[in-house]
Novice: 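One structure, as structure tokens, below. Some questions next.
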Amino acid sequence: MIIKMRKEASRTELGELIDRIRGFGHEVDVSTGTERVVIGIKGDTTKISIDEVLGMAGVEDVVRMSKPYKLVSQEYNMSMNGGGKYSTIDVSGVKIGDGSLTIMAGPCAVESEEQINASAEIVKQAGANLLRGGAFKPRTGPYSWRGLGEEGLRLLAEAREKYAIPVVSEITSESQLELFKKYGIDMLQVGSRNGRNYDLLDLLGKQEIPVLLKREMGTPVEEYLQCAERIVTTGNSNVVLCERGINSFDKYCRNCHDVNAISAIKYELSNLPVMSDPSHATGKRRLVLPAALAAVGAGADGLIIEMHPTPEKARTDAFQQVNQPELENIISLSRGTYNYLRQHM
Ligand code: PEP
Ligand code: MN
């Protein structure tokens, strides 16, 4: 529930109102804008009567939230914070959602020191902002290679120091958190297979480290936003969303890139930055560029591109990883499109 105070409401009226709400057993979130004060009430507010609140001194309007997610909704955030504010997430100095197109690129998996260093060099040269690389790979088949584990995190952390670029890697279990902290991984990716792993989401909600929350491939958009809400309401507001393709009846591409979800999140539903992963969404190297441009057209704040110095030799996801010239082309055309759209939309 959101309470908008009158412009001329006094401090005493505000204090009395807050005491009253706290008296009902609710926490309040007070946002002082240039024009007026807005109060957000957390928790289940169904027992608070709108008429009673409207009758209190200094109150102009009361809006009951209609969504099952609140802290990550536009409805809430556009009323709080002075209005109209999207969140910008800071990953060790790299901003996501700040009005530029953030690019995260790197191999599907960290395979060796040579491979991750060569990748970091290409990613840096291409002008990407963040280096990605999986150390713990959640493979579908139990006989597939599952990544280098801790050694992968160590190599990624070394590449970060050597090439001065923040790094992102996927955490697949709560038991790995200490390792991610030990190597100072800058952003934790929750992969799509863990997108609804509530224990993991609760644990990440208790950290400050930014989380890249991928959408689980069978999750409706508003349920996905409740997964993000879970992290934010537990205490970590550094969440970035990522559409990576959903299940569909069609098997030609690996997944179905849901660009509608990107525009719905961006223009109607949430304040959180939203990225696209056209690599996993298509599963085909040739289709990564058009899918990236579609995502930018839909309003994405950033892209995750899987690249490999020699894609044909990649140990995982070889069909979708792009090479150096392809990465450079994707970044340049996507940024060009993003900037053009910002000026003309
Ligand atoms: C990945 O990013 O390497 C990955 C496994 O992605 P997803 O969880 O989207 O399949
Ligand atoms: Mn992959």
Side-chain angles (χ1 to χ4, degrees), residues 91 102-111 115-116 119 123 128 130-142 144-149 152-153 155-156 167-173 176 180 185-197 200-201 204 210-219 221 224 227-228 239-248 253-259 261-262 274-285 287-288 291-292 295 300 302-323 326-327 330:
V91 183
T102 306
I103 310 281
M104 199 178 279
C108 178
V110 180
E111 298 172 358
Q115 177 251 17
I116 193 65
S119 303
V123 161
L130 295 151
L131 175 66
R132 63 146 283 151
F136 296 93
K137 297 305 300 176
R139 307 301 302 283
T140 306
S144 306
W145 178 66
R146 298 184 196 186
L148 294 180
L153 292 184
L155 294 174
L156 195 58
V167 294
V168 184
S169 198
E170 177 172 352
I171 180 167
T172 56
S173 138
Q176 295 157 359
F180 279 78
I185 303 303
D186 301 277
M187 183 178 219
L188 303 187
Q189 172 175 320
V190 175
S192 95
R193 286 156 194 80
N194 272 303
R196 287 203 271 199
N197 178 343
L200 182 61
L201 302 184
L204 298 183
V211 176
L212 176 70
L213 177 64
K214 286 192 163 189
R215 178 182 181 191
E216 193 272 335
M217 52 279 248
T219 305
V221 174
Y224 174 41
C227 296
V239 177
V240 174
L241 303 170
C242 178
E243 158 56 30
R244 50 77 68 201
I246 54 173
N247 291 336
S248 108
C253 286
R254 191 173 178 183
N255 291 290
C256 179
H257 187 206
D258 187 3
V259 284
I262 297 171
V274 55
M275 298 184 75
S276 157
D277 173 350
S279 305
H280 290 91
T282 60
K284 291 179 189 284
R285 182 177 311 150
L287 302 187
V288 175
L303 299 170
I304 306 177
I305 309 292
E306 273 195 350
M307 59 69 61
H308 195 285
T310 46
E312 55 292 346
K313 293 192 186 149
R315 292 188 73 176
T316 58
D317 287 353
F319 294 124
Q320 70 195 33
Q321 303 204 56
V322 299
N323 61 23
E326 287 164 339
L327 178 69
I330 290 168

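In each ligand, atom 1 is the first atom listed, and ligand 1 is the first ligand listed.
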Novice: Within the 3.5 Å criterion, strictly below it, is a donor on Glu243 or His257 matched to an acceptor on the partner's side chain?
Specialist: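 Absent: no donor and acceptor within the cut-off.
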Novice: Could you list which atoms of ligand 1 come closer than 4.0 Å to a heavy atom of Glu306?
Specialist: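 Answer, ordered by atom number: 3 (O).
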Novice: For a side chain to side chain contact (heavy atoms under 4.5 Å, CB included) with Cys242, tell me which candidate from His280, Arg215, Lys214 qualifies.
Specialist: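 With Cys242 as partner, side chain to side chain contact (heavy atoms under 4.5 Å, CB included) holds for just one option, Lys214.
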Novice: Report the atom name of the nearest N/O/S atom of Asp317 relative to the Mn ion (ligand 2).
Specialist: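 Output for this pair reads OD2.
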Novice: Can you tell me if Lys313 uses its side chain to pair, donor with acceptor, with the backbone of His308 under 3.5 Å?
Specialist: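 Flag not set: sc Lys313 to bb His308 has no pair under 3.5 Å.
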Novice: Name the closest protein heavy atom to atom 8 (O) of ligand 1, giving the residue it belongs to and the distance to 0.1 Å.
Specialist: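 Scanning the protein heavy atoms, the shortest distance from atom 8 (O) of ligand 1 goes to Ser192 N, 2.7 Å.
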Novice: Which residue owns the protein heavy atom closest to atom 6 (O) of ligand 1, what's the atom, and how far is it?
Specialist: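 The closest heavy atom on the protein side is Lys214 NZ, 2.9 Å.
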Novice: At a 4.0 Å threshold, what atoms of ligand 1 neighbour a non-hydrogen atom of Gly191?
Specialist: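 Ligand 1 atoms under the 4.0 Å threshold to Gly191: 8 (O).
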Novice: How far apart are the closest heavy atoms of Ile171 and Phe180, and which atoms are they?
Specialist: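 That would be CA-CZ, 3.7 Å.
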Novice: Can you check whether Glu170 has an N/O within less than 3.5 Å of an N/O in ligand 1?
Specialist: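 No - when backbone and side-chain N and O of Glu170 are compared with those of ligand 1, no distance drops under 3.5 Å.
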Novice: Would you check whether Met217 reaches within less than 4.0 Å of ligand 1, judged by its heavy atoms?
Specialist: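 Checking ligand 1 against Met217, which is what was asked, there is no heavy-atom contact under 4.0 Å.
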Novice: Arg132 to ligand 1: N or O pair under 3.5 Å?
Specialist: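 N/O-N/O distance below 3.5 Å exists for this pair.
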Novice: Mark up the atoms of ligand 1 that fall under 4.0 Å of a heavy atom belonging to Arg244, in ascending order.
Specialist: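 Atoms satisfying the 4.0 Å criterion: 7 (P), 9 (O), 10 (O).
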Novice: Any N/O of Lys137 closer than 3.5 Å to an N/O of ligand 1?
Specialist: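 Yes, at least one N or O pair falls under 3.5 Å.
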Novice: Would the number of heavy atoms belonging to other residues, nucleotides or ligands and lying under 6.0 Å from CZ of Arg193 be above 12?
Specialist: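 Correct, the count exceeds 12.
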Novice: Give the minimum heavy-atom separation between Ile304 and Pro278, together with the two atoms involved.
Specialist: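 Where Ile304 meets Pro278 most closely, the heavy atoms are O-CD, 3.4 Å.
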Novice: So which of the N, O or S atoms of Glu306 lies nearest the Mn ion (ligand 2)?
Specialist: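 Answer by atom name: OE2.
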Novice: Evaluate the side-chain proximity of Val91 to Met104: yes if any heavy-atom separation is below 4.5 Å, no if none is.
Specialist: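 A side-chain contact under 4.5 Å is absent here.
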Novice: To the nearest 0.5 Å, how far apart are SG in Cys108 and CZ in Arg132?
Specialist: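 With rounding to 0.5 Å, SG (Cys108) is 5.5 Å from CZ (Arg132).
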Novice: To which protein heavy atom is atom 4 (C) of ligand 1 closest, and what is the distance rounded to 0.1 Å?
Specialist: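 Going atom by atom, the protein heavy atom closest to atom 4 (C) of ligand 1 ends up being His280 NE2, 3.4 Å.
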